[in-house]
Number of protein chains: 2
Amino acid sequence: MTNKKLTLQIDFRSGLPIYTQIVNQVQAQVASGILKPDDQLPTVRALAEELRVNFNTVARAYRILDEARIISTQQGRGTFITEIPPPKVTERLRRESLEALTQRYVSEALRQGFSKGEIRQMVSDQLKSWNESGKSEE
Amino acid sequence: MTNKKLTLQIDFRSGLPIYTQIVNQVQAQVASGILKPDDQLPTVRALAEELRVNFNTVARAYRILDEARIISTQQGRGTFITEIPPPKVTERLRRESLEALTQRYVSEALRQGFSKGEIRQMVSDQLKSWNESGKSEE
DNA sequence: TGACAATGATACAATTAGTACAATTATGAC
DNA sequence: GTCATAATTGTACTAATTGTATCATTGTCA
């Protein structure tokens, strides 16, 4: 497929640089199969406008993804998802992405004074409620 | 809201260090609700100019507030009020706070294509590793 | 006077934005 | 159909904005 929507959520106060957030999320969506080879990403300017950031910030993220062989940027043409890297790499990227996301969540929850038990319980509850109301995956 | 005015009154003859006065007043305004989470504080230079002090003095105050987890300073981006510290809130508010935090995390992880099992496992792992390397709470 | 805390000066690092340019593709006159 | 030209897309380099680190200066007080 071409020209998929690419939904990204940028948190401007998360402490993570915007370009890093873009990299992480594209990486995660590729690793999870939401983005597939030959999918075209938005142009640097289009994505920049959507996220309300400078297009160089997007370009920087794209460059990093390009160097990681996850996307292929072609001047004058556009940006595309490359071939799926070997499963080992994919799995590593997936894991790193989830790890970063989770670490932010856990450290923030602990910082706010919640116990590990409370956190574990709440995550479990939310996952369950997602079971009932939503898709039955896993 | 972002970029609120932040009115501070510095008394140069009070004997209290300037940075202490900044810390106290920001703290007070956060506690009283004048400053809310995600509000952006003035840059160290802007506030320094307004107060007619060296920007390092402001930076020092910001560093203390940052270490106290009241604000979050980010090089190249700015300074923001963090989440309201949880100390004296009721059990119900506490729970709602964790619930909101967790929901954001879980929905984001699911959106990025991770399975519930992966999420549960990763949270568990991170909580464990916090046991070993960090504080021994719970 | 000497120690120490507070403040200031200076240089630096990280992030994002601005500007000009190069490569490719689309369009239109002929 | 072919070529000139404009539009679109990514690239490179630079500037601006922000916080950080280190050391010097000042001032107070025992």
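In what follows, every chain begins at residue 1, and chains take the letters A, B, ... in the order their sequences are listed. When reading the values below, keep in mind they use all heavy atoms of this one structure, side chains included, and skip hydrogens, waters and symmetry mates.
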Taking the nucleotide of DNA chain C with the nearest heavy atom to each, does B/Val53 or A/Arg52 sit closer to the 5' end?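 Nearer the 5' end of the strand: B/Val53.
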Identify the two heavy atoms, one from [X] and one from [Y], that lie closest to each other, and give their separation to 0.1 Å.
X	Y	value
B/Thr7	B/Gln9	CG2-NE2, 4.2 Å
A/Gly113	A/Glu118	O-OE1, 4.5 Å
A/Leu110	A/Ile119	CD2-CD1, 3.7 Å
A/Ile34	B/Arg111	CD1-O, 3.2 Å
A/Gln103	B/Gln126	CA-OE1, 3.1 Å
A/Ala109	B/Leu98	CB-CD1, 4.2 Å

Terminal axes of the helix from C/dT1-D/dA30 to C/dC30-D/dG1 (five pairs each): angle between them, nearest 10 degrees: 10°
Listed partners of A/Tyr105 passing ring pair (Phe, Tyr, Trp, His ring centres under 6.0 Å), at least two apart: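 In terms of ring pair (Phe, Tyr, Trp, His ring centres under 6.0 Å), with neighbours along the sequence ignored, A/Tyr105 is linked to B/Tyr105.
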Quick test: give all pairs of protein nitrogen or oxygen and nucleotides 25-27 of chain D nitrogen or oxygen below 3.5 Å, distance rounded to 0.1 Å.
none

Give me the distances for all protein-to-nucleotides 19-22 of chain D N/O pairs that come in under 3.5 Å?
from, atom 1, to, atom 2, distance (Å)
D/dG19, OP1, B/Thr79, OG1, 2.8
D/dG19, OP2, B/Val44, N, 2.8
D/dG19, N7, B/Arg45, NH1, 2.7
D/dG19, O6, B/Arg45, NH2, 2.6
D/dT20, OP1, B/Thr73, OG1, 3.4
D/dA21, N6, B/Asn56, OD1, 2.7

Less than 4.5 Å apart, any side-chain heavy atom of B/Val26 and any of B/Gln29? no
What I'd like to find out is whether the side chain of B/Thr79 reaches to under 4.5 Å of the side chain of B/Gln74, using heavy atoms alone.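 Side chain of B/Thr79 against side chain of B/Gln74, heavy atoms only: no contact under 4.5 Å found.
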Kindly indicate, with the supporting measurements, whether the criterion side-chain contact (heavy atoms from CB on, under 4.5 Å) is fulfilled by A/Tyr19 and A/Ile64. CA-CA 9 Å; A/Tyr19 71 87; A/Ile64 292 172; 3.6 Å; yes
Using atom types as modelled, flag every donor-acceptor pair under 3.5 Å from a side chain in residues 41-53 of chain B to any protein atom, sequence neighbours excluded.
from, atom 1, to, atom 2, distance (Å)
B/Thr43, OG1, B/Ala46, N, 2.9
B/Glu50, OE2, B/Lys5, NZ, 3.4

Rounded to whole Å, please give me the gap between [atom1] in [X] and [atom2] in [N].
X	N	atom1	atom2	result
A/Phe80	D/dT9	CZ	C1'	10 Å
A/Glu49	D/dT9	CD	P	12 Å
B/Leu47	D/dT18	CG	P	13 Å
A/Ile71	D/dT9	CD1	P	15 Å

Using the heavy-atom set of chain A and a strict 4.0 Å cut-off, write down the first and last nucleotide of DNA chain C that makes it in, 5' to 3'. C/dT15 to C/dT25
Regarding B/Glu108 and B/Arg104, does a basic nitrogen lie under 4.0 Å from an acidic carboxylate oxygen?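 Salt bridge absent between B/Glu108 and B/Arg104.
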Just by distance, do the side chain of B/Asp66 and the backbone of B/Thr73 share a donor-acceptor pair under 3.5 Å?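 At least one qualifying donor-acceptor pair exists.
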